[in-house]
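Excluded from the calculations below are hydrogen atoms, water molecules and symmetry mates; all remaining heavy atoms, backbone and side chain alike, are included. All of these numbers come straight from a predicted model, not from anything done at the bench. Both counts, for ligands and for their atoms, begin at 1 and track the order of listing.
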Amino acid sequence: MTQSFTLRRPDDWHLHLRDGAMLHGVLPETARHFARAIIMPNLVPPVVTGAQAEAYRDRILAALPAGSAFEPLMTLYLTETTDPADVAAAAASGLVKAVKLYPAGATTNSHSGVKDFDKVQGVLEKMAEIGLPLCLHGEVTDPLVDIFDREAVFIDTVLDPLRRRIPGLRVVMEHITTEDGVAYARSGGDDLAATITTHHLIINRNHILAGGIKPHYYCLPVAKREKHRLALRAAATSGDARFFLGTDSAPHVDALKEHACGCAGCFTATNTMPLLAHVFEEEAALDKLEAFTSLNGPAFYRLPVNETTLTLVKHELPQSFPEKILTEAGPVTVFNPGFPVHWHVEA
Ligand SMILES: NC(=O)N[C@@H](CC(=O)O)C(=O)O
Ligand SMILES: [Zn+2]
Ligand SMILES: [Zn+2]
């Protein structure tokens, strides 16, 4: 017997669309299921100014499949020379919905990020004043800190002091991967939230490293021990308004993933919704899926919820997904959960 489940159309609160041929290849994958997405600004060169965000938004809209109502929600890449007035103007016009902070060197295309947090104090104060959220890649970059500890150390040494220094700053802890991240997000008020990816609900570090190295499971922050994955599952399926979906779907062509120095990023845009239905059903929490994908994010970003819906159907036989999508930049491997998935989005 098939089972079906309808929810308000989801949004993705952390998405990489890239540019050019890659943008054209991956955008339809997200636009098929999601109404809106927060678009990450880590292009080369990064999207720093309001004018650059507007031009990037226009390239995204031009690349949309005909008839798609998908709405890109733009962000600015915070640098040490970002102008608070430019940020305020881009937010006031409705163009920009958040500012993204990458600690310099923390992840893909983050070299223009922040080294000295004192230099961005003025922008962050302006953001607190106008209520514009700061999205954070929360990992320290100190080579002496173990890569599996970088998120927890960031919370203690950077995030908590930053929030004390700038009261009222609205912060999204992006792609949390640890029980420490879950606990810190829970400790905040309504000025603090956290996104959780699809893949971090499914894999732990063994998936990357045991039985041969699996480059398509490598992303940043890197997946941690099983107890952390379980903490993320508990948070995502709790219904707690501070947790919502940010897929961090981050396409890289296979040639750069299957490489001596492979890029970080999992591509989940294609099958995220069926995978989440699987995970939430396993946790006996299908009734909390809509909060995670479609309600908590808009509430934090102070945007209306979507009026259209999406229907997920559970079939008796496992459903198939493309192993790769073919873009003009090259093939991109779709995240493989490693188990049969019976859920499918109704066409
Ligand atoms: N998550 C990743 O592993 N990679 C992202 C960058 C990021 O979100 O940290 C990318 O842009 O490829
Ligand atoms: Zn990141
Ligand atoms: Zn990302």
| said: Does D116, at its CG atom, have more than 12 non-hydrogen atoms belonging to other residues, nucleotides or ligands within less than 6.0 Å? | reply: yes

| field | Numbered atoms of ligand 1 (with element) below 4.0 Å of H137, judged on heavy atoms | value | 9 (O)

| task | Please report which non-hydrogen protein atom sits nearest to atom 4 (N) of ligand 1, along with the residue it belongs to and the distance in Å to one decimal place. | result | A264 O, 3.1 Å

| If two hydrophobic side chains count as joined below 4.5 Å and joins carry through other members, does L162 share a cluster with Y77? | no

| Should you measure from each heavy atom of D248, which atoms of ligand 1 turn up under 4.0 Å away? | 1 (N), 2 (C), 8 (O)

| task | Give the residue and atom name of whichever protein heavy atom lies nearest to atom 3 (O) of ligand 1, and the separation in Å to one decimal. | result | L220 N, 2.7 Å

| field | Which of the ligand 1 atoms, numbered from 1, are nearer than 4.0 Å to a heavy atom of H14 | value | 8 (O)

| Tell me: protein heavy atom nearest atom 5 (C) of ligand 1, and distance? | H16 NE2, 3.6 Å

| query | Parallel, tilted or perpendicular: which describes the rings of H199 and F335, with under 30° parallel and over 60° perpendicular? | reply | tilted

| request: Please identify each residue that fulfils side chain to side chain contact (heavy atoms under 4.5 Å, CB included) with P331, with sequence neighbours left out. | output: D254, K324, L326

| said: Using a plain distance cutoff, I'd like to know if R18 has any nitrogen or oxygen under 3.5 Å from a nitrogen or oxygen of ligand 1. | reply: yes

| query | Closer than 4.0 angstrom: is that true for some heavy atom of E174 and an atom of ligand 1? | reply | no

| field | Numbered atoms and elements of ligand 1 in range of C219, under 4.0 angstrom, heavy atoms | value | 3 (O)

| field | Protein N, O or S within less than 2.8 Å of the Zn ion (ligand 2), waters excluded | value | H137 ND1, H175 NE2

| task | Quick one: sort the H344 and F321 rings into parallel, tilted or perpendicular, breaks at 30° and 60°. | result | parallel

| note | atom 9 (O) of ligand 1: closest protein heavy atom, distance to 0.1 Å, is T107 OG1, 2.7 Å

| request: Answer yes or no on whether R225 is positioned over the face of F148, meaning its NZ or CZ is under 6.0 Å from the six-membered ring centre and within 45° of the axis. | output: no

| request: Mark yes when over 12 heavy atoms from residues, nucleotides or ligands other than K126 sit less than 6.0 Å from its NZ; otherwise mark no. | output: no

| query | Residues in side chain to side chain contact (heavy atoms under 4.5 Å, CB included) with T49, at least two apart? | reply | A51, Q52, D86

| task | Return each pair, listed once, that meets side-chain hydrogen bond (donor to acceptor under 3.5 Å, both in side chains) where at least one residue sits in residues 291-301; pairs must be two or more places apart or across chains. | result | none

| task | Run the numbers for me: atoms of ligand 1, each under 4.0 Å from some heavy atom of H175, listed by number. | result | 8 (O), 9 (O)

| query | Can any side-chain N or O of E151 pair as donor or acceptor with the backbone N or O of T178 at less than 3.5 Å? | reply | yes

| task | Measure M40 to ligand 1 on non-hydrogen atoms and call it side chain, backbone, both or neither using the 4.0 Å cut-off. | result | neither

| message | I'd like to check whether G265 has a polar contact with ligand 1, where a contact means an N/O of the residue lying under 3.5 Å from an N/O of the ligand. | response | yes

| Distance under 6.0 Å and angle within 45° of the ring axis: does K288 meet both against F292? | no

| message | Counting only heavy atoms closer than 4.0 Å, does ligand 1 sit against the backbone of N42, its side chain, both, or neither? | response | side chain

| request: Could you tell me whether the side chain of V182 reaches within less than 4.5 Å of the side chain of L232, counting heavy atoms only? | output: yes

| Is the F244 ring parallel, tilted or perpendicular to the W13 ring (thresholds 30°, 60°)? | perpendicular

